[in-house]
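Have a look at the structure below before the remarks.
We use all heavy atoms of the structure for the numbers below, so side chains are in, but hydrogens, waters and symmetry mates are not. All ligand and atom numbering here is 1-based and tracks the order in the structure.
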Amino acid sequence: MTEKDFIPKPYTKTLENGSFTWSSPSNIALVKYWGKREHQIPENPSVSFTLDHCKTITTLSFSKKESNAAFSFDVFLDGEQKDDFKPKIETFFKRIESYLPFLSEYHFKIETSNTFPHSSGIASSASGMSALALCLMSVEKELIGTISEVYFIQKASFLARLGSGSACRSLEGDLIVWGIHDEIDGSSDLYGVKYPYDVHQNFKNYQDTILLVDKGEKQVSSTVGHNLMFGHPFAQQRFEQAHENLSKLKAIFKEGNLDEFIKIVESEALTLHAMMMTSMPYFILMKPNTLEIINKIWAYRSETNSKVCFTLDAGANVHVLYPENEKDNVLKFIESELVVYCQNGHYISDQIGFGAKLIVNNL
Ligand code: PMV
């Protein structure tokens, strides 16, 4: 598939008004995407677990308008009008207009809510942009008449990517690859694909408890962060390393070797942060409590032989990953030793999920 394959033929159906509601989850990368080219093309492939409980629910209502001159939409978060969200959506609409030519023909009302608190430090861009892309695809599906399920998801992922790169990995589950990799059939820079090979039982229902160390706004926005990779002295080695780590993970997913899994996942998290520490300007996105948690996890692992490990996003919060059969023990450990490092003792228990769902089709 190329970009051109996502430009639709003239629509044959008409549609006056209606609404769709989709829920779409967040995801957590195991091999990280950090660095992009023009048009949100990733510099390296990434792979993520789709989450289950952390999600955005978006209702898109649409009604035909008189003039096609400009985009027209209102945005609401938890019922409250959010004009400060509009520039991001306006930019998104501009980027995707050639793929969804109906955008300027309707007035849209976008009503969105997250299952996780807005001020949790958990980025809502992946779940939010994927939910919105899916709502828009539901409209296009009606205007075209029939489209295959495969095309629907591929194009929704393609559109979500243009909103926020990692959003293209949120539509399906439970493991999604985005970015061309020689050893992963069907992988694409344009959209996320389901990991196409067998995955060992050890990874089924993998758990992710998110420790909210810092609930503030992101210190470094994704856009600024990705741009730090331009001219970064270690960028090329990092991009190659991501390819190698994904190759290694392929064998690990098959064989279920959790010790090797831990090595890749923790190294990827620390490398992401190392890239930010060694860029110009430089940033430290971990907080003292992030390091306290990492050290406690390492100590617990060596004392108990547990397979618990951590990963990080571009922030201070810690994702604690562990197999389902360790759930009771690890939750006890988290409650007794890690919760003290969370802001107001807050954490979110999540696990691997299977992607977005159409909740309401109101035509
Ligand atoms: O999707 P963006 O542009 O917000 O970038 C997300 C990058 C990381 O979350 C740090 C890594 C990843 O692959 O999700």
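Between F108 and F93, the two ring planes are perpendicular [angle over 60°; tilted spans 30° to 60°].
Partner E140 forms a salt bridge (Lys or Arg N to Asp or Glu O under 4.0 Å) with one of K13, K155, K9 and no other, that one being K155.
Note: no N/O pair closer than 3.5 Å links S125 and ligand 1 by distance alone. Close N/O approach between S46 and ligand 1 is not found [any backbone or side-chain N/O within under 3.5 Å]. At under 3.5 Å, not a single nitrogen or oxygen of W34, backbone or side chain, sits near a nitrogen or oxygen of ligand 1. Checking only distances, K36 never comes within under 3.5 Å of ligand 1, N or O to N or O. Checked by distance only, ligand 1 and N27 stay at 3.5 Å or farther apart across all their nitrogen or oxygen atoms.
Listed by number with element, the atoms of ligand 1 under 4.0 angstrom from any heavy atom of S164 are 1 (O), 2 (P), 4 (O). Below 4.0 Å from some heavy atom of H226 lie the following atoms of ligand 1, by number and element: 2 (P), 3 (O), 5 (O). Atoms of ligand 1 found under 4.0 Å from any heavy atom of S166 (numbered from 1 in listed order, with element): 1 (O), 2 (P), 6 (C), 14 (O). Of all atoms in ligand 1, numbered sequentially from 1 with element shown, those under 4.0 Å from a heavy atom of A29 are 12 (C), 13 (O), 14 (O). Atoms of ligand 1 found under 4.0 Å from any heavy atom of D313 (numbered from 1 in listed order, with element): 9 (O).
Partners of Q40 according to the side-chain hydrogen bond (donor to acceptor under 3.5 Å, both in side chains) rule, which considers only residues two or more places apart in sequence or in another chain, are K36. E260 meets the salt bridge (Lys or Arg N to Asp or Glu O under 4.0 Å) test with K263; sequence neighbours excluded.
Linking ILVMFWY residues whenever their side-chain heavy atoms come closer than 4.5 Å, directly or via other members, places Y151 and Y11 in the same cluster.
Of the protein's heavy atoms, R169 NH2, 2.7 Å lies nearest to atom 14 (O) of ligand 1. For atom 7 (C) of ligand 1, the closest heavy atom belonging to the protein is Y33 O, 3.5 Å.
Inspection of the N27 and T50 side chains reveals no N or O donor paired with an N or O acceptor under 3.5 Å.
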Given the rule in the side chain to side chain contact (heavy atoms under 4.5 Å, CB included) test, do H53 and F116 qualify, once you have shown the distances and angles that lead to the verdict? CA-CA 8 Å; H53 305 153; F116 47 91; over 6 Å; no
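Between E268 and R238 there is a salt bridge, with a side-chain nitrogen of the basic residue lying less than 4.0 Å from a carboxylate oxygen of the acidic one.
When ring centroids are compared, F261 and Y206 come within the 6.0 Å threshold.
The heavy atom nearest to atom 2 (P) of ligand 1, out of those in G163, A126, S222, G179, is found in S222.
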